[in-house]
A.B. asks: 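Dropping a structure here in structure tokens format, bear with me for questions.
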2 protein chains.
Amino acid sequence: MPKLADRDTRHTQILEALLRVAGSQGLHAVTMRSVAAEANISLRLVQYYFETKEKLLLAALDHLAGRQRERIQTRVLDTDAPDDPRTIIEAVLTEALPTDQDSRTFHLVYTAYAVHAVTDPALAAQPFLRAPDAMEHFLADQLRHAQRDGILPPHRDPRTEAAILLALSAGLGTGVLLGQRTAENATTAISYHLDHLGLARRPA
Amino acid sequence: MPKLADRDTRHTQILEALLRVAGSQGLHAVTMRSVAAEANISLRLVQYYFETKEKLLLAALDHLAGRQRERIQTRVLDTDAPDDPRTIIEAVLTEALPTDQDSRTFHLVYTAYAVHAVTDPALAAQPFLRAPDAMEHFLADQLRHAQRDGILPPHRDPRTEAAILLALSAGLGTGVLLGQRTAENATTAISYHLDHLGLARRPA
DNA sequence: ATCGCTTTGATACGTCGGTATCAAAGATTT
DNA sequence: AAATCTTTGATACCGACGTATCAAAGCGAT
């Protein structure tokens, strides 16, 4: 009966189960047992692949970050102008909003991790801040390109603007997650902000 | 030995103890026992004043919101121009940043509650979103006043700008909390943004 | 077929945490 | 002085959870 799956398959299977639990019932509902049940495997097998809960959680965080990276990349490449700064930036920021179940889960779980990291040194040591940090640099680069291309006013400071964009989309995302704001409301605000930045689309 | 305190004093004493625990070790470290220990009273007494942990947590949330309201009010009144929109808005947004231990605790605990609220209906029913919602209206009002006074360009939409301001300061606050950004960096970004809004100080 | 990796099951241990209970005693009020 | 409110102490119960252990069996590859 027990079909053998290779390690990678099992790993992702378990991690996806974890994310489903965390996404629907919160990170506090993630236990070795609940994950096993969600994945339809025995508790013992979860122990087999991830010896401790801490390792399991760290792996899940990694998995989550990877999925989000893929999502964003896909979103950018799916636009009609994947080399136009305005298009890229708007796609990135919009993708970061919790619109569908997947991105809701991402936001929820990631935020929960972040909260834990503030008081848990082991988690804080994790490459947690690297993703948003990289994103900020990426945005700053795009803004610099835009300035060179003459589609962003020269008096704008790319570094600061990038920080603002990132904080803005994170804040809006949280608002959407809490039901305090609709996703449409948030996307509108992002477009509005980019418009007033003076960040135009590159003419074809 | 046991001195009698009135209910209010005890309540706040216990709630402050809770916030100290939550602020230093995280909300997950808040247990009936840890709070009792932090407050230097018996577990039994915590049970006496707040029958269940849920009630205790809800009371703490209320207490937290109240303290933050006071903090912001004080901050605004302490400025040199407590009736100038630009001054008020900058004070409010800056106060919302986790600069000292108190505001760090606020951010941390509030965010932790927010994360819980997403998957806990009992918490979500709480007047959670009312504070940020009221703040957003307040900011929008200030912006409208500014427009009437001619210190904010008329093509700006106060509602959207208010939403952006709130999301921005929340996002920056999170960044500061996670150590990804300094408080100075964040305050700079806020001033920068207000400047580019075209929101000027009212001339004396 | 033997060896090694994978999977399950049952189960158990220790800890922690929310809640409950009983008894007793100090303090305040009337 | 009596009645009521406040406070402590000592426990106790029960459930949940992380972790560990032992035994057994399925499956793949050499």
Side-chain angles (χ1 to χ4, degrees), chain A residues 1-22 24-61 109 112-113 115-116 119-123, chain B residues 1-22 24-61 109 112-113 116 119-123 126:
Chain A
M1 173 59 64
K3 302 190 181 155
L4 293 191
D6 67 334
R7 290 192 84 80
D8 279 359
T9 309
R10 272 295 184 224
H11 275 180
T12 55
Q13 178 196 356
I14 294 174
L15 295 178
E16 297 278 342
L18 186 154
L19 292 184
R20 279 196 301 277
V21 173
S24 60
Q25 297 156 250
L27 195 56
H28 58 272
V30 169
T31 70
M32 301 290 266
R33 289 172 171 88
S34 68
V35 171
E38 176 69 31
N40 274 315
I41 59 178
S42 66
L43 162 65
R44 188 61 189 79
L45 198 57
V46 178
Q47 289 182 295
Y48 181 73
Y49 280 104
F50 304 89
E51 292 96 10
T52 77
K53 188 183 183 183
E54 193 182 3
K55 288 179 185 172
L56 175 61
L57 286 174
L58 290 180
L61 180 56
V109 178
Y113 269 104
V115 168
H116 270 95
T119 49
D120 180 348
L123 214 57
Chain B
M1 172 58 65
K3 303 187 183 160
L4 292 190
D6 67 335
R7 291 192 84 79
D8 278 0
T9 309
R10 271 296 183 225
H11 275 177
T12 55
Q13 179 196 356
I14 294 174
L15 295 178
E16 297 279 342
L18 185 154
L19 293 183
R20 280 196 301 278
V21 174
S24 61
Q25 296 158 252
L27 195 56
H28 58 272
V30 170
T31 69
M32 301 290 265
R33 288 172 172 88
S34 69
V35 171
E38 177 70 31
N40 275 314
I41 58 178
S42 65
L43 162 63
R44 189 62 191 75
L45 198 55
V46 179
Q47 289 182 293
Y48 181 72
Y49 281 104
F50 305 88
E51 291 97 8
T52 77
K53 187 183 183 184
E54 194 182 2
K55 289 179 185 172
L56 174 62
L57 286 174
L58 290 180
L61 179 55
V109 179
Y113 270 105
H116 270 97
T119 50
D120 180 349
L123 214 57
Q126 229 47 29

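Throughout, a chain's letter reflects where its sequence line sits, starting with A, and its residues are numbered from 1.
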A.B. asks: Could you list the residues that satisfy ring pair (Phe, Tyr, Trp, His ring centres under 6.0 Å) with A:H28, not counting sequence neighbours?
C.D. replies: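 So A:H28 forms a ring pair (Phe, Tyr, Trp, His ring centres under 6.0 Å) with B:H116.
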A.B. asks: Just how far is it from atom CG of B:L58 to atom NZ of B:K53, taken to the nearest 0.5 Å?
C.D. replies: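 Here the interatomic distance stands at 12.0 Å.
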A.B. asks: Nearest-Å distance, OH (A:Y48) to P (C:dG4)?
C.D. replies: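 These atoms are roughly 13 Å apart.
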A.B. asks: Kindly indicate whether the side chain of B:R10, heavy atoms from C-beta on, has any atom under 4.5 Å from the side chain of B:I41.
C.D. replies: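 The answer is yes; the side chains approach within 4.5 Å.
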A.B. asks: What's the closest nucleotide to the side chain of A:K53 if the choices are C:dT19, D:dT7, D:dG18?
C.D. replies: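 Of the candidates, D:dG18 comes closest.
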A.B. asks: Rounded to whole angstrom units, what separation is found between the CG atom of B:L43 and the P atom of C:dG18?
C.D. replies: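 Atom CG in B:L43 sits about 9 Å away from atom P in C:dG18.
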A.B. asks: Just the rounded figure in Å: distance from P of C:dA12 to CE of A:M32.
C.D. replies: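 Atom-to-atom, A:M32 to C:dA12, this comes out as 20 Å.
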A.B. asks: Check the distance between C:dG9's P and A:I41's CD1 and give it to me in whole angstrom.
C.D. replies: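 Nearest whole value for this atom pair: 11 Å.
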A.B. asks: When the distance from NZ of A:K55 to P of D:dG18 is rounded to whole Å, what number comes out?
C.D. replies: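 Whole-Å distance recorded here is 15 Å.
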A.B. asks: Please report the distance, rounded to the nearest Å, between CD in A:Q25 and P in D:dA16.
C.D. replies: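 Whole-Å distance recorded here is 14 Å.
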A.B. asks: If you define the side chain from C-beta out and look only at heavy atoms, does anything of A:T31 sit under 4.5 Å from A:V21?
C.D. replies: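 Answer no - side chains too far apart.
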A.B. asks: Between C:dG9, D:dT8, D:dT6, which one does the side chain of A:S42 approach most closely?
C.D. replies: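 That would be C:dG9.
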A.B. asks: In whole Å, what is the span from the CZ atom of A:R44 to the P atom of D:dA23?
C.D. replies: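 In whole Å, D:dA23 P and A:R44 CZ are 14 Å from each other.
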A.B. asks: For the pair made of CG in B:L45 and P in C:dG26, what is the distance, rounded to whole Å?
C.D. replies: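 In whole Å, C:dG26 P and B:L45 CG are 17 Å from each other.
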A.B. asks: Of the nucleotides C:dA10, D:dC17, C:dT19, which has the atom closest to the A:T31 side chain?
C.D. replies: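 Among the listed nucleotides, the one closest to the side chain of A:T31 is D:dC17.
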A.B. asks: Go through C:dG18, D:dT21, D:dG18 for me and flag the one nearest to the B:R33 side chain.
C.D. replies: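 Selected nucleotide (nearest to the side chain): C:dG18.
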